[in-house]
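The block underneath contains the structure these notes are about, expressed in structure tokens.
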Amino acid sequence: MIRFPQLSARKAHLLNRLYARAATRGGGQTRGFVSSPEPRTIGSFARGRQLVAGNFLFAGSLVSAPGQSPWDIAAPDAAFSQALHGFAWLDDLAAVGDSAPRRAAQTWLWQWIDLYGKGRGPGWTPDLTGRRLIRWINHALFMLHGSGTNAPDSAPFYRSLDQQTRFLSKRWHAAAPGLARFEALTGLIYAGLSLEGLEGLADPAVKALARECATQIDDQGGLPTRNPEELLHVFTLLTWAAAALSDAGRGTPKAHLAAIERIAPTLRTLRHADGGLARFHGGGRGAEGWLDHALASSGVRKTQPDGLSMGYARLSAGRTSIIIDASPPPSGAASANAHASTLAFELTSGRRPLIVNCGSGASFGIEWRRAGRATPSHSALSLGGYSSARLDTADRRSGVESLIDGPTRMPVEIIPVSDGMKFQGGHDGYVLTHGLTHARTLELAHDGRALAGEDMLLAMQDADKRRFDRALDRTKLKGIGFDIRFHLHPEVDAALDLGGAAVSMALKSGEIWVFRHDGTLNLALEPGAYLETTRLKPRASMQIVLSGRAINPATRVRWSLSKAQETAIGVRDLERDDPFLEDD
């Protein structure tokens, strides 16, 4: 059972190499574009300037090599190398748009053709090839621009486009279901519609993409991974493919359009008040403006009806948004990046995140990756040093650690109450280990200025009570320790009030929030970490921790988050953010 995925991965790698070399033996028949899709990618001006200066920041690693080509430097890890070979950085160079980034784009692209265009290197996988084709086609005019002796030779460019497209037509099915396959098929559609002589390759890809939409996008408009940022990636690819088909005078299959219609309301549910995505199951908040731009480009105006969206619940009122992980975590292959975050929540006020989850530590090494997936790295309750789900033994070849033993039963209810909206949910992630069910209630006031919370640990059935008694005996009747954590965004200035009864939190907007509890537990303000793939190291932050012990079969803790009375109803948030932050 352990060797099968290793053999499958080895076979896929070998076949990719064989098909890549076979595709590049031909001279290439493409001489130009039938039509060129309008560039729809969004780059970063700041990152583009850094690339021109020789600062290569990919997948959380920075290599500073002024005056050098990215192909001359040693990639620190596989993720860095994949980001280079995917060419998404062309978006950033094009965002700058003047002569220096154009020369860099031309030089580095033609060097790639010389070094890797014959089927060599790590870039010949279906997903990276699809990503690369989209960028090459999007920015063709930017890169081919020139006059006289400065004009680049376009023949190698078109020949490589032809070869990569033919490789992709044979290997797209080898991409893993989900984002990788959507990326491969979208790239194939782009190339087939755009390049002379390759129109026949587009039709099978269009049909295959429609099938993926029907099988991979569920009725809630979600993915099996439940990763919000991954869903935004897929949504963006689908809208690009639909636009390319429309520009070419082609129709878009109903299953394709229906998937866009289902996803857009789900993304609106997962959108915080500041325009960023909720950070769950390995996903980040997304680049600034990306979510709003994608939703606007789709033309879909629907919002999600009451209930869950991709397993998440949303409460919003006034300037406040709350997003809760209200379903069992992903399982099987979809759980490779899943987190033990059941019943964790995030809270954003206006443009400022307040309560967050730590995020994915994948770009900071294996230990940070594991720590980021554990329940204590989320704004949730952890019991007896356990997470609500466990990591399986790592696959010996891929290193993937699936999530196992997670909650299976999760009753959830979202109801209006007299002065706002109430969420009630529970999970059985601690029943097998301690006999306890965790239940959480969150009630948001109608003006968004106050959140009342309650966490309970309950031994529900007779068998659960016996299991709880055994767990209690192991502590010599001292009680089973638990912690309720509230991770604060790094820009929140927090202080424990005198007497330790409350925590005051100041946001950059000038808002003041206060955390209080019912006095039954120990309240502490402890160091924390905020994990972002755009940074070189974790950001220091703080976390509110309520600590106690479960001695009885029913334990109840009440707490609240509310704006201080002196905080105005309408706050003019004039503090400007740097879109490309330096490390502290």
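- Salt bridge present: Arg226 and Asp325 bring a charged side-chain N and a carboxylate O closer than 4.0 Å.
- Ser388 places a side-chain heavy atom less than 4.5 Å from the side chain of Thr342.
- Looking only at side-chain heavy atoms (C-beta outward), Ser61 and Leu536 stay at 4.5 Å or farther from each other.
- For the side chain to side chain contact (heavy atoms under 4.5 Å, CB included) test with Arg271, the passing option among Thr348, Ile323, Leu291 is Leu291; the others fail.
- In this structure, the side chain of Glu443 does not engage the main chain of Gly453 through any donor-acceptor pair within 3.5 Å.
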Criterion side chain to side chain contact (heavy atoms under 4.5 Å, CB included) on Leu403 and Asp392, from CA distance to verdict: CA-CA 6 Å; Leu403 202 68; Asp392 199 2; over 6 Å; no

Could you go through the side chain to side chain contact (heavy atoms under 4.5 Å, CB included) check for Asp497 and Val503 one step at a time? CA-CA 6 Å; Asp497 290 356; Val503 175; over 6 Å; no

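- Judged purely by distance below 3.5 Å, without hydrogens or angles, the side chains of Trp290 and Thr236 pair a donor atom with an acceptor atom.
- Closest heavy-atom contact between Glu229 and Leu277: CA-CD1, 3.7 Å.
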Please determine whether salt bridge (Lys or Arg N to Asp or Glu O under 4.0 Å) holds for the pair Asp464 and Arg467, giving the CA-CA distance in whole Å, both sets of side-chain angles, and the decisive distance to 0.1 Å. CA-CA 5 Å; Asp464 299 341; Arg467 191 175 284 118; 3.7 Å; yes

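- Taking each heavy atom of Phe423 and Ala326 in turn, the nearest pair found is CE1-CB, 3.8 Å.
- Side chains of Tyr312 and Leu308 form no contact here, defined as non-hydrogen atoms less than 4.5 Å apart.
- A salt bridge links Asp92 with Arg47: at least one charged nitrogen is closer than 4.0 Å to a carboxylate oxygen.
- Surrounding CZ of Arg268 are more than 12 heavy atoms belonging to other residues, nucleotides or ligands, all under 6.0 Å away.
- Taking the side chain as every heavy atom from C-beta outward, Leu436 and Val431 never approach each other to under 4.5 Å.
- Side-chain contact between Ile322 and Ile324: present, with at least one pair of heavy atoms (C-beta onward) separated by less than 4.5 Å.
- Inspection of the Arg373 and Asn337 side chains reveals no N or O donor paired with an N or O acceptor under 3.5 Å.
- Rounded to the nearest 0.5 angstrom, Ile355 CD1 and Ser349 OG are separated by 11.0 Å.
- The two atoms that bring Leu270 and Leu231 nearest to each other are CD1-CD2, 4.4 Å, heavy atoms only.
- The two atoms that bring Gly359 and Leu531 nearest to each other are O-CD1, 3.5 Å, heavy atoms only.
- Of the inter-residue distances, the one linking Lys508 atom NZ with Arg352 atom CZ reads 6.0 Å to the nearest 0.5 angstrom.
- Between Arg285 and Asp274 a salt bridge is recorded (basic side-chain N to carboxylate O distance below 4.0 Å).
- Side chains of Ser321 and His272: a donor-acceptor N/O pair is present below 3.5 angstrom, by distance only.
- The shortest non-hydrogen separation linking Arg516 to Ser562 is NH1-OG, 3.6 Å.
- Atom CE of Met460 has 12 or fewer heavy atoms from other residues, nucleotides or ligands within 6.0 Å.
- One finds no salt bridge joining Glu454 and Arg440 here, because no Lys/Arg side-chain nitrogen approaches an Asp/Glu carboxylate oxygen to under 4.0 Å.
- Closest heavy-atom contact between Thr269 and Ser309: OG1-OG, 3.2 Å.
- Between Arg466 and Asp469 there is no salt bridge, since no side-chain N of the basic residue sits under 4.0 Å from a carboxylate O of the acidic one.
- Side-chain contact between Arg485 and Ser379 is absent, with no heavy-atom pair separated by less than 4.5 Å.
- With ring centers used as reference points, Trp559 lies under 6.0 Å from Phe486.
- In terms of modelled atom types and a separation under 3.5 Å, the side chain of Asn227 and the main chain of His281 share a donor-acceptor contact.
- Looking at Thr320, its side chain does come within 3.5 Å of a backbone N or O of Gly448 through a donor-acceptor pair.
- When only modelled atom types and interatomic distance are considered, Glu511 and Trp513 share a side-chain donor-acceptor pair under 3.5 Å.
- The environment of CD in Glu526 is crowded: more than 12 heavy-atom neighbours from other residues, nucleotides or ligands sit within 6.0 Å.
- Between Pro329 and Ser335 the shortest side-chain heavy-atom distance does not fall below 4.5 Å.
- Look at Arg558 and Asp455 and you find no salt bridge, because none of the NZ, NE, NH1 or NH2 atoms lies under 4.0 Å from a carboxylate O.
- Proximity of a side-chain donor or acceptor of Asp218 to a complementary backbone N or O of Gly221 within less than 3.5 Å is detected.
- Atom CG of Leu472 sits about 9.5 Å away from atom CZ of Arg474, to the nearest 0.5 Å.
- The aromatic rings of His517 and Phe515 sit parallel to each other, their planes meeting at less than 30°, with 60° as the upper class boundary.
- Proximity of Leu521 to Arg549: side-chain heavy atoms (C-beta onward) are nowhere separated by under 4.5 Å.
- Note: His378 and His339 meet the aromatic proximity criterion, with ring centroids under 6.0 Å apart.
- We find the SG-NE2 distance between Cys358 and His487 to be 4.0 Å, quoted to the nearest 0.5 Å.
- Proximity of a side-chain donor or acceptor of Ser64 to a complementary backbone N or O of Asn55 within less than 3.5 Å is not detected.
- In this structure a side-chain-to-backbone donor-acceptor pair under 3.5 Å is missing from Ser382 to Tyr386.
- A salt bridge links Arg370 with Glu401: at least one charged nitrogen is closer than 4.0 Å to a carboxylate oxygen.
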Evaluate the side chain to side chain contact (heavy atoms under 4.5 Å, CB included) criterion for residues Leu561 and Val514: first the C-alpha distance (whole Å), next the side-chain angles of each, then the deciding distance (0.1 Å), finally the verdict. CA-CA 6 Å; Leu561 277 162; Val514 180; over 6 Å; no

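- Side chains of Thr408 and Asp428: a donor on one and an acceptor on the other come within 3.5 Å.
- Using modelled atom types and a 3.5 Å distance limit, the side chains of Thr41 and Asp91 yield a donor-acceptor pair.
- At least one donor-acceptor pair closer than 3.5 Å links the side chain of Gln220 to the backbone N or O of Met310.
- Heavy-atom contacts from other residues, nucleotides or ligands closer than 6.0 Å to OH of Tyr530 number more than 12.
- Leu354 contributes atom CG, which lies 12.0 Å from atom CD of Glu491 (distance to the nearest 0.5 angstrom).
- How far CZ of Arg262 is from CZ of Phe235: 12.0 Å, rounded to the nearest 0.5 Å.
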Should Ile484 and Val545 be marked as a side chain to side chain contact (heavy atoms under 4.5 Å, CB included) after you check the CA-CA gap, both sets of side-chain angles, and the distance that decides it? CA-CA 6 Å; Ile484 307 172; Val545 184; over 6 Å; no

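- Ring planes of Phe364 and Trp368: perpendicular class, angle over 60° (limits at 30 and 60°).
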